[in-house]
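Notes for the one structure printed next.
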Amino acid sequence: MFRRLLVPLDGSRLAESALPAAAELARRLEAPVTLLHVLEVSAPATVHGHPHLRTEEQARAYLQDAAGWMAARGVRVEGAVCPEVEGVAATIARHAEASGADLVVMTSHGQGGLRGLLYGRVAQQVLQRGKVPVLLLPPSDHGRQAVFTCRRLMVPLDGSEASETAVNPATHIGLACRAELLFVWVVPTVQTIPGERGAAAKLMPTAAAALLDVEATEACRYLEQVASRVRAAGVAARTAVERGEPVQTLLETAARQGVDLIVMATHGRSGVSALWAGSVTSRVVAAGQRPVLLVRVSLPHTGQLEAGADPSV
């Protein structure tokens with residue numbers, strides 16, 4: 001499924017913190033890597049405290065050095081420099097599809113919280129403009145010395161065929177890394193049901209609580225069905241039904257379970273549209289606590305496991 005990785009680099013240590021993850025996954029997946037630098041039209045003098053690569057000669061020399069670092073770790077790698085076309089994110093998305101890459105690995109460059117949601121992150125914009133999944137890593141000052149492990153993956157689901165978009169990519173990585181998959185469904189409590197449904201639930205709390213208990217029982221059955229299919233493919237899998245507000249509960253579950261990577265389906269919303277949609281995925285990404293693999297929803301849904309959409313996202 002993942003046969004070629006693309007790693008966009010801007011010359012900064014922050015961007016380079018994606019290299020260890022890309023190297024580890026490339027080795028496990030036996031996939032080559034393309035290192036990409038986009039020559040910006042109006043490049044600033046510095047980027048994240050480092051001199052900006054403004055010329056093709058500078059960019060190629062930098063990518064050659066980074067490629068040498070990857071090659072020393074047993075990775076097949078090449079460098080590519082291309083001019084900016086309709087923005088950096090659009091250029092990355094175009095190059096990913098043109099080069100046959102099926103996974104983009106990069107660090108988040110935007111700020112977290114409200115500002116990050118409003119203005120979007122380059123990675124989310126890449127996902128929005130293309131179809132290639134994006135592995136988004138929290139920025140690190142450690143650069144090439146950053147540590148990446150992939151022993152446990154968490155896949156949030158909500159019972160819809162749409163949310164199962166994340167299952168196949170997670171299974172593929174689980175097989176390659178011999179990692180365990182944790183399938184999680186978050187059922188709200190009466191106090192955490194959002195919107196008009198929440199207001200109605202608070203008027204009839206006993207009835208609402210009973211309905212939520214039924215939902216939790218159905219969630220257990222559904223998750224076990226998904227886990228059984230994954231186990232049949234040779235990947236260890238567990239399930240968990242949690243209660244509470246979705247985003248905070250997912251983050252707390254990931255911390256408690258020692259999750260290395262969260263795999264989530266997404267419609268690719270970014271900026272204001274993600275904020276108004278109440279996107280769970282965008283809010284998990286904005287928290288910046290763990291690597292997140294964002295898998296773009298394929299529409300129309302084909303009925304196959306590969307298609308689907310994000311879990312409420």
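Because only heavy atoms are used, hydrogens play no part in the values below, and waters and symmetry mates are left out as well, while side chains stay in.
- Within 6.0 Å of CD in E252 there are more than 12 heavy atoms belonging to other residues, nucleotides or ligands.
- Between P32 and the options R4, R3, M70, E78, a side chain to side chain contact (heavy atoms under 4.5 Å, CB included) holds for only R4.
- Within the 4.5 Å cutoff, side-chain heavy atoms of M1 are placed close to those of P169.
- Minimum interatomic distance between L212 and T189 (heavy atoms only, all atoms of both residues): CD1-C, 3.6 Å.
- Note: L5 CG to R76 CZ = 11.0 Å, rounded to the nearest 0.5 Å.
- Put simply, the side chain of R229 reaches to within 4.5 Å of the side chain of V226, judged on heavy atoms.
- In this structure, the side chain of S99 engages the main chain of H95 through a donor-acceptor pair within 3.5 Å.
- Each of D158, V297, V155 was compared with S163 under the side chain to side chain contact (heavy atoms under 4.5 Å, CB included) criterion, and only D158 meets it.
- Screening V285, L157, V280 against M264 for a side chain to side chain contact (heavy atoms under 4.5 Å, CB included) leaves a single residue, V280.
- Residues L25 and F2 fail the side-chain proximity criterion, which asks for heavy atoms closer than 4.5 Å.
- Note: E40 CD to T91 OG1 = 9.0 Å, rounded to the nearest 0.5 Å.
- Annotation: the span from I262 atom CD1 to L251 atom CG amounts to 6.0 Å, rounded to 0.5 Å.
- Using modelled atom types, no side-chain atom of Q145 and backbone atom of H142 make a donor-acceptor pair closer than 3.5 Å.
- Looking at I92 and V88, their side chains come closer than 4.5 Å, going by heavy atoms from C-beta outward.
- The distance from the OG1 atom of T239 to the OH atom of Y222 is 12.0 Å, given to the nearest 0.5 Å.
- The main-chain N or O of L9 is found under 3.5 Å from a side-chain atom of H37 such that the two form a donor-acceptor pair.
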**Request:** Step by step, work out the side chain to side chain contact (heavy atoms under 4.5 Å, CB included) result for C82 and L39.
**Result:** CA-CA 6 Å; C82 62; L39 291 172; over 6 Å; no
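- Checking side-chain atoms of E97 against main-chain N and O of K131 turns up a donor-acceptor pair under 3.5 Å.
- Judged by distance alone, with hydrogens and angles left aside, the side-chain atoms of T249 form no donor-acceptor pair with the main-chain N or O of P246 at under 3.5 Å.
- The minimum heavy-atom distance linking V7 with A22 is given by the pair CG2-CB, 3.6 Å.
- One distance of note links CG of L261 with CG of L137; it measures 8.5 Å at 0.5 Å rounding.
- Residues A18 and V105 come closest through the heavy atom pair O-CG1, 3.9 Å.
- The CG atom of L19 sits 5.5 Å away from the CH2 atom of W69 when rounded to the nearest 0.5 Å.
- The main-chain N or O of L182 is never found under 3.5 Å from a side-chain atom of E180 such that the two would form a donor-acceptor pair.
- Between P133 and L293, some side-chain heavy-atom pair lies under the 4.5 Å cut-off.
- Nearest heavy atoms, V132 versus A96: CG2-CB, 4.0 Å.
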**Message:** Set out, in order, the CA-CA distance, both residues' side-chain angles and the distance that settles side chain to side chain contact (heavy atoms under 4.5 Å, CB included) for R144 and R73, then state yes or no.
**Reply:** CA-CA 12 Å; R144 301 180 192 183; R73 284 150 182 80; over 6 Å; no
